[in-house]
Amino acid sequence: MNDNNTMLEVKNLQKFFPIKSGFFGRVVGQVKAVDGVSFSIERGKTMGLVGESGCGKTTVGKTILRLNSKTGGEVYFNGKEIFGLGNAEMLKMRPHMQIIFQDPYSSLSPRLPVGEIIGEAVREHQIVPPNEFDDYVTRIMQACGLQEYHKDRYPHEFSGGQRQRICIARALALNPDFVVCDEPVSALDVSIQAQIINLLEDLQKEFNLAYLFISHDLSVVQHISDTVGVMYLGNLVEFANKDEIFSNPLHPYTKALFSAIPIPDPTVRRNRIILEGSIPSPANPPSGCKFHTRCTYAMERCKVEVPVQLDKGNGHMVACHLYDDNSGSEKQPETDEASFRAIGEQYDKANENKTESNPA
Amino acid sequence: MTDSIKTSSTKKNPNYISASESRKISSENRRITDALEKKYNRKHVPESEYLTTMKDPNNTVEFDDLHTYFFTDIGTVRAVDGVSFAVPQGKTVGIVGESGCGKSVTSLSLMQLVQRPQGQIVRGQIRFNLGDKAYDIAKMPGNMMEKIRGNEVSMIFQEPMTSLNPVFRIGDQINEVIMLHYPEKSEAEVRDHSLHMLDLVGIANPEGIYMRYPHELSGGMRQRVMIAMAIACDPKLVIADEPTTALDVTIQAQILDLFRNLKEKINSSIMLITHDLGVIAEMADFVVVMYAGRIVEKGTANEIFLHPAHPYTVGLMASKPVVNRKVDRLYSIPGSVPSPIHMPDYCYFRDRCDRRFDMCNGPYPAEFQLSDTHKVSCYHYRDGAASNRALHNNGFEILN
């Protein structure tokens, strides 16, 4: 923690859930939801976390806020190990780290008016003196695109997009430094998604927030993130800054994931890497590299040896034996860089044509 | 939308309905729906009543001015309000729109699965081509529809878990469809047919899956089973209602790949309903864009994606981030969809449109033709193709 700009540092985080069986609840196994994840987030920056459902994205988000207990590893928030804090200290830490949940329909209490939903924690944590309380809540609501008269209404009176605004207002009311956004737009319509993404970006600039943006929608992640982490079955397989990872994905899983994104342009046709089968059960993960069962480049070594994070320059971390120089194997996969570049060029070309054809 | 809780109990609020008004609406609704239900439930209807001819014999389905309304106690919801488009044989038509725009109700009308008695097709025709003859599904009685539904038209639903029965084995559920529509087949033949279908949708171990229960399968496998069930009777049209929305992006790629391969094998038309423009661009030959129960724009996939005309279509495309296309800020369409009960009498999109002008205050715009296949409901295009070029460049400023 030498770097003052680092807000959150996660080191080798593990979270296992026990599988219980029988009358006495004997533990018969463990679901390794998060199995050794390390990353850091800088102040005012956004990290995108992508992966298929069941890969442990949400568990990471919850564990770094200490909403779950951990099994192993460390989480440093502003230089403090949050799992080492006592109850009173943790309570003081809570306002600095907040979460926005995926489903705005089930994460708001149906029995509280909106003003109370947003203000409850403000009062509890004494963010502002009691005489400024009303003004403060109003100001936060307005910053999130809600009106003052919404205060007395109940969540059921709002549309999905507005509810998500309420969730955002509730998180921001505590003046946090760090917000976990757990799929904040996936339950919303496309045009409403854009409103919420813009709102999140505006608020980030205004309050200098750091986000952990969890999503399975890669196009949204590319739009909003500064750095991107790709998870597969509890492991972070690749981590790099956004431009680096989207222009030069290294891990075979990242490549497959990126090539699976449908592109809204009927003239673009590309060679899609189609992964066979589906994600294995985290209760009984494959040995060695967990991805070897679906990987087209799998070698004998992948079945036995767990790959370690390798730094390929510019902070581009990848956990794959293909990039391990000591392996002695010359087999480097042909990158899909070319195909990605081709898509980009097609877009540029299409846009150029449009501007050229403009008679004005 | 009510302005505040205090005013919601006064009559100043345009949405406020008193108890007596509500009773009046209910009894009026009852009168309308009872008459329609009586017509629907008749037995021994002469075929001539719903026999019709296709405008173009190459089309599988033609929707012509379809109106499907829901008669609720607070007023009539015009879920589908004058929709016309055609699904040509062997082609894929994609329907895009936000939730509540009527895309699902359009397809449910075709299946006659609209929630009755509140939901009723009140006007228009759905002409379905059976090869030697054509039926108007909007006028067909319920007992005749049973021979068409599942056999000639079938549907794949969004959520594969809730649309499979959890207490029956996969094999039995597929067998049921085949036995119902091919009563002459023996038990062994039905089983073989089911296994063949499972094999066709890319399930590696058909015999094993045949004996499994739905909860034992992953989301992608369940969706494959749903597809196997839908194509089991060799339908002329498959309706896929958000078939990949509940799936992960890698599984979505598998399923889309499967659809593409199947289309060559089964030679049926596909109606693909989704809000994901990327999926539409990959799959569809023709695209229909719906907004608030009406079609705002339709055309071939190339026309819609390369030359979107309607401000809503342009806005919808600009508001979705695209991988490897950088924008500083996403375009967001201001406001929200108007209330389905109190639809304005001008263009439904006017209040959210950033290109509105004085003509937009007039009645709802008619369809203007931009090319043989490209039609749009917007006054900016009243001169047809001539106005197209200058304007869509204008519209693209948002996209670029």
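Each chain gets a letter, A, B and so on, in the order the sequences are listed, and its residues count up from 1.
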- prompt: Can you say whether Gln252(B) sits under 4.5 Å from chain A via the side chain, the backbone, both, or neither, judging by heavy atoms?
  reply: side chain
Main-chain N/O of Gly97(B) paired with Lys103(B) side-chain donor or acceptor, under 3.5 Å: yes
field: Among Lys298(B), His307(B), Glu297(B), side chain to side chain donor-acceptor pair (under 3.5 Å) partner for His374(B)
entry: Glu297(B)
query: Where on Leu277(B) is there a heavy atom nearer than 4.5 Å to chain A: the side chain, the backbone, both, or neither?
result: both
- prompt: Any Lys/Arg nitrogen of Glu282(B) or Arg260(B) sitting under 4.0 Å from an Asp/Glu carboxylate oxygen of the other?
  reply: yes
Residue Gln222(A) versus chain B: region with a heavy atom under 4.5 Å: side chain
task: Would you check, one step at a time, whether the test side-chain contact (heavy atoms from CB on, under 4.5 Å) holds for Asn248(A) with Leu250(A)?
output: CA-CA 6 Å; Asn248(A) 183 22; Leu250(A) 292 177; 3.9 Å; yes
- request: Inspect the surroundings of NZ in Lys263(B) and state if more than 12 heavy atoms from other residues, nucleotides or ligands are less than 6.0 Å away.
  value: yes
task: Counting only heavy atoms closer than 4.5 Å, note whether Arg224(B) contacts chain A via side chain, backbone, both or neither.
output: neither
query: When heavy-atom pairs shorter than 4.5 Å are enumerated against chain A, which of Gly100(B), Ala253(B), Pro321(B) gives the highest number?
result: Pro321(B)
query: What part of Gln195(A) lies closer than 4.5 angstrom to a heavy atom of chain B: side chain, backbone, both or neither?
result: both
query: Relative to chain A, which of Gly220(B), Ser218(B), Ser99(B) shows the most heavy atom pairs under 4.5 Å?
result: Ser99(B)
message: Tell me which of these, Ser332(B), Ala284(B), Pro334(B), has more heavy-atom pairs under 4.5 Å with chain A than the rest.
response: Ser332(B)
- line: Bottom line for Ile197(A): the part with an atom under 4.5 Å from chain B's heavy atoms is side chain
field: Modelled atom types, side-chain donor and acceptor of Glu242(B) and His275(B), under 3.5 Å
entry: yes
- request: May I ask you to decide whether Asp217(A) forms a salt bridge with Lys320(B), counting only side-chain N to carboxylate O separations under 4.0 Å?
  value: yes
